[in-house]
Amino acid sequence: MKKAIVSIFSVFCFCVSVNATALPDLIINIGARSCTSLDGMWKYIVDPLETGYYDYRLEPTKDGFFLDKKQNNPDLIEYDFDTSGSLYVPRDWNTQKPELYYYEGCIWYRTRFDHKKKDDKRYFLHFEAVNYEAIVYLNGKMLGKHIGGYTPFNFEITEDLRVGDNSLVVKVDNKRRKEGVPTNNFDWWNYGGITRSVTLIETPQVFVRDYSLRLSKKDRNMIEGWVQLDGNVGPQEVILEIPELKKKIRLQTDSTGKCTFSEKARPELWSPETPKLYKVNWVTAYESLSDEIGFRTITTEGNRIILNGKPIFCRGVSIHEEAPFRNGGRAYGKDDARTLLGWAKEMGCNFARLAHYPHNEFMVKEAERMGIMLWSEVPVYWTIDWTNPDVLQNAKNQMREIITRDKNRCNIIIWSVANETPLSDARLEFLKSLVAFTRQLDDSRLISAAMEKKEFAPGVMTVHDPLGEYLDVFSFNQYIGWYDGLPEKCDRVRWELPKNKPVLISEFGGGALYGKHGDKTERWTEEFQEDMYKASIRMLEKIEGLSATTPWILMDFRSPKRPLVGIQDDYNRKGLISNYGKKKKAFYIMRDWYKKIEKEELNNK
């Protein structure tokens with residue numbers, strides 16, 4: 001190992017962790033590691049009765065599809081991956097095969113790969129996401145199960161990986177379920193499959209598994225964080241390098257391989273105008289791991305959102321993880337992210353709400369590079385099973401996994417715990433627990449939820465939700481002019497909202513089929529949507545404390561709840577852009593409004 005140069009500034013390790021709650025053993029920053037992609041064409045078997053998992057008494061079988069056997073007379077083998085069809089990974093199955101368009105159930109995936117195993121290395125299988133339940137087998141051995149369709153997970157396979165040929169089988173089940181998160185009723189397509197990348201990771205025996213690095217909340221001239229090694233480590237030296245800040249800091253881990261630290265520094269702060277990122281290296285005797293990290297502070301002051309000590313209006317838009325151009329389906333790669341975020345930037349956005357679940361890592365990282373702040377949420381959506389402790393644990397685990405993956409992405413400014421959930425005592429206790437859990441995991445960001453508005457007197461709108469007391473940002477969805485009256489109602493209402501918290505309108509808008517034109521009073525026309533956005537903006541400009549808006553939604557997205565033939569055709573048409581990338585008239589209304597707000601902010605500086 002190179003000799004470390006100790007910074008001339010103070011650096012120290014201390015016992016109290018910056019993040020006191022232990023996170024799971026998820027490996028972060030996969031792209032910077034020694035990896036082999038397992039993406040590509042995988043064999044698949046559709047198994048609606050789960051014959052490959054249960055015997056005829058509905059007991060788990062010892063001789064299931066996970067063994068990846070071949071017919072070998074006189075044995076009776078009633079499946080064969082080699083002669084079955086193929087699906088591309090990563091992608092959903094619904095948009096790859098017409099016969100799987102509406103399918104919800106079990107499908108088995110299988111790929112085979114060769115690998116030159118090294119005795120001095122460790123190996124992990126990493127899945128970015130599988131919707132919804134995944135049971136993973138390597139060479140016939142079950143590695144484990146993961147529940148949750150939008151968060152990453154990994155398994156160590158050092159002892160099970162063979163030199164040469166390996167069989168990797170994944171049982172994927174996307175059936176909706178009452179005890180699921182999301183539950184069995186939600187308004188987007190339940191895309192099944194291995195929807196994000198699969199990677200074989202090679203690490204040293206001792207490696208940097210996880211770390212956190214951020215600007216101190218208490219002192220903007222300090223950076224702080226922690227690093228966690230994995231392996232039979234004992235006390236180890238770790239060097240933190242930030243070359244552009246001329247930092248080369250020697251740290252010493254404890255017997256568990258962890259060290260927390262604080263260091264004087266004055267980095268240029270990340271903002272939408274200047275999305276500055278610093279190259280960061282973690283160096284041990286075994287490896288060097290690099291990342292790009294930005295530094296910023298995010299707080300609230302009265303009814304304003306404060307970024308780096310200055311108020312900011314979050315000019316946003318809501319986005320589903322729907323692929324642009326290629327007949328829909330789950331978005332998953334850099335090209336998808338750059339297209340969607342590029343449209344948001346063109347509209348004048350400096351903020352986006354990633355609805356209604358954690359999006360892929362490309363989306364988060366590309367937004368960070370482009371200067372787009374983010375709202376990230378877990379799919380606690382509509383009416384889930386509030387009294388079931390396993391459901392709460394599921395929601396917490398999904399929040400833990402996405403915070404683990406994205407805690408070093410400075411552009412995420414809001415964690416959201418729910419969307420449009422009905423009021424009840426059980427629901428409030430559930431969400432209070434999730435809010436407290438989220439704060440414990442990460443106290444450097446704001447917490448919110450998309451609540452619902454209420455008309456408590458003719459023309460007087462408010463939000464009567466006790467959850468608001470526990471949130472940093474008072475966010476809610478409202479559809480005056482679409483579900484509630486016609487656009488002219490926007491000019492007749494007034495709002496009564498808290499004055500001590502920033503107000504974020506997390507959804508507003510209405511549907512239009514691109515290319516359908518007519519009078520502004522005719523639903524589904526671009527003119528109706530355009531007029532509704534004009535009226536909505538007039539209404540929103542009167543709301544005291546308005547600090548952010550995220551209209552619903554950037555692009556049309558597929559949903560089975562939208563069957564109107566010739567108009568919806570299984571698409572929610574509230575997009576400002578069609579699913580073929582065509583901008584509707586309302587897109588330009590939002591663009592002009594955001595340009596006006598941006599100009600006013602610049603003039604006030």
Side-chain angles (χ1 to χ4, degrees), residues 217 220 269 271-273 296-318 348-353 372-377 411-420 431-432 435 438-439 443-457 459-480 490 493-508 536-552 590 593-594 596-605:
K217 288 179 65 178
R220 286 171 56 180
L269 301 185
S271 71
E273 296 76 25
R296 58 97 187 102
T297 60
I298 189 74
T299 57
T300 65
E301 186 178 293
N303 59 15
R304 300 181 300 176
I305 295 174
I306 307 297
L307 177 70
N308 301 329
K310 298 178 181 179
I312 188 169
F313 189 94
C314 296
R315 309 184 305 272
V317 69
S318 297
C349 294
N350 60 8
F351 179 61
R353 178 190 181 203
I372 298 177
M373 301 174 289
L374 294 179
W375 156 312
S376 179
E377 77 187 48
N411 60 326
I412 295 180
I413 63 169
I414 296 175
W415 298 121
S416 172
V417 298
N419 178 79
E420 292 184 347
L431 294 180
K432 283 169 56 179
V435 167
T438 303
R439 288 198 200 283
D443 64 355
S444 70
R445 292 173 171 86
L446 308 176
I447 296 179
S448 194
M451 300 178 289
E452 294 183 291
K453 63 92 176 170
K454 180 180 180 180
E455 187 169 7
F456 74 94
V460 182
M461 303 294 172
T462 190
V463 177
H464 281 314
D465 192 334
L467 178 63
E469 178 184 343
Y470 303 93
L471 305 176
D472 300 307
V473 178
F474 199 83
S475 306
F476 61 93
N477 302 344
Q478 68 82 22
Y479 285 96
I480 297 173
C490 294
V493 304
R494 65 181 177 86
W495 289 88
E496 292 189 3
L497 298 167
K499 298 186 179 358
N500 62 339
K501 290 187 179 183
V503 172
L504 190 161
I505 312 298
S506 39
E507 291 182 27
F508 67 95
S536 296
I537 288 169
R538 290 194 300 269
M539 176 183 65
L540 296 178
E541 287 181 326
K542 299 175 185 176
I543 296 178
E544 184 178 352
L546 185 66
S547 292
T549 56
T550 53
W552 191 261
M590 284 303 304
W593 187 45
Y594 281 166
K596 173 186 170 185
I597 292 173
E598 184 179 18
K599 184 177 180 179
E600 289 172 350
E601 286 185 326
L602 290 173
N603 290 338
N604 292 332
K605 284 186 177 180

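Throughout, numbering of the chain's residues begins at 1 and tracks the sequence.
- Side-chain contact between Trp495 and Thr462 is absent, with no heavy atoms from C-beta onward closer than 4.5 Å.
- Every side chain to side chain contact (heavy atoms under 4.5 Å, CB included) that Asp465 has, sequence neighbours left out, goes to Leu423, Arg427, Met451, Val463, Leu467.
- Residues Ile447 and Val435 approach most closely at CD1-O, 3.7 Å, considering heavy atoms.
- Closest of all the heavy-atom pairs between Gly468 and Phe474 is CA-CE1, 4.0 Å.
- Atoms SG and CD1, from Cys490 and Ile480 in turn, are 6.0 Å apart once rounded to the nearest 0.5 Å.
- Counted by atom type alone, Trp593 and Glu541 present one or more donor-acceptor pairs between their side chains at under 3.5 Å.
- Between Leu497 and Phe476, some side-chain heavy-atom pair lies under the 4.5 Å cut-off.
- Counting only heavy atoms from C-beta outward, the side chains of Thr299 and Lys217 never approach each other to under 4.5 Å.
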Exercise for the section: Would you please test Ile414 and Arg353 for side chain to side chain contact (heavy atoms under 4.5 Å, CB included) and show each step? Expected result: CA-CA 9 Å; Ile414 296 175; Arg353 178 190 181 203; over 6 Å; no
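- Using a distance-only test at 3.5 Å, with no hydrogens or angles considered, no donor-acceptor pair links the side chain of Lys453 to the main chain of His464.
- Under the salt bridge (Lys or Arg N to Asp or Glu O under 4.0 Å) criterion, Glu301 pairs with Arg304, not counting sequence neighbours.
- Arg220 contributes a side-chain N or O that, together with a main-chain N or O of Asn308, makes up a donor-acceptor pair within less than 3.5 Å.
- Using a distance-only test at 3.5 Å, with no hydrogens or angles considered, a donor-acceptor pair links the side chain of Asn350 to the main chain of Phe313.
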Exercise for the section: Would you sort out whether Ile505 and Gln478 count as a side chain to side chain contact (heavy atoms under 4.5 Å, CB included), showing the intermediate values? Expected result: CA-CA 7 Å; Ile505 312 298; Gln478 68 82 22; 4.1 Å; yes
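- Of the possible donor and acceptor atoms, none in the side chain of Tyr479 sits under 3.5 Å from a partner among the backbone N and O of Glu507.
- For Asn477 (side chain) and Glu452 (main-chain N/O), no donor-acceptor pair under 3.5 Å exists by modelled atom type.
- Expressed to the nearest 0.5 Å, how far CG of Leu446 lies from CD1 of Ile306 amounts to 10.0 Å.
- Judged purely by atom type and a 3.5 angstrom limit, Ser475 has no side-chain atom pairing as donor or acceptor with the backbone of Ser506.
- The closest donor-acceptor contact from the side chain of Arg494 to the backbone of Val460 lies at 3.5 Å or more, if one exists at all.
- In plain terms, the two heavy atoms of Thr297 and Gly309 that are nearest each other are OG1-N, 3.9 Å.
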Exercise for the section: Begin with the C-alpha distance, continue with both residues' side-chain angles, and end with the deciding distance and a verdict on side chain to side chain contact (heavy atoms under 4.5 Å, CB included) for Asp472 and Trp415. Expected result: CA-CA 10 Å; Asp472 300 307; Trp415 298 121; over 6 Å; no
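- With hydrogens and angles ignored, the 3.5 Å screen pairs a side-chain donor or acceptor of Asn411 with a backbone N or O of Ile372.
- Rounded to the nearest 0.5 angstrom, Thr438 OG1 and Arg445 CZ are separated by 12.0 Å.
- For Lys432, the side chain to side chain contact (heavy atoms under 4.5 Å, CB included) partners two or more places apart in sequence, or in a different chain, are Leu428, Glu429, Tyr470.
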Practice task
Could you please spell out the steps behind the side chain to side chain contact (heavy atoms under 4.5 Å, CB included) verdict for Ile413 and Ile298?
Solution key: CA-CA 7 Å; Ile413 63 169; Ile298 189 74; 3.9 Å; yes
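- Looking only at side-chain heavy atoms (C-beta outward), Leu546 and Leu540 come within less than 4.5 Å of each other.
- Of the possible polar contacts, one joining the Lys501 side chain to the Glu469 backbone as a donor-acceptor pair under 3.5 Å is found.
- Here the side chains of Thr549 and Val317 are not in contact, with every heavy-atom distance at 4.5 Å or above.
- Here the OG-CG distance, from Ser416 to Leu504, works out to 9.5 Å after rounding to the nearest 0.5 Å.
- Of all the heavy atoms in Cys349 and Tyr594, the pair that sits closest is SG-CE1, 3.9 Å.
- Looking at heavy atoms from C-beta onward, Val417 lies out of side-chain contact with Glu377 at the 4.5 angstrom threshold.
- Taking each heavy atom of Thr300 and Pro502 in turn, the nearest pair found is CG2-CG, 3.8 Å.
- In this structure, the side chain of Glu600 does not engage the main chain of Asn604 through any donor-acceptor pair within 3.5 Å.
- Nearest heavy-atom pair, Ser444 versus Arg296, reported as atom, atom and distance to 0.1 Å: O-NH1, 3.8 Å.
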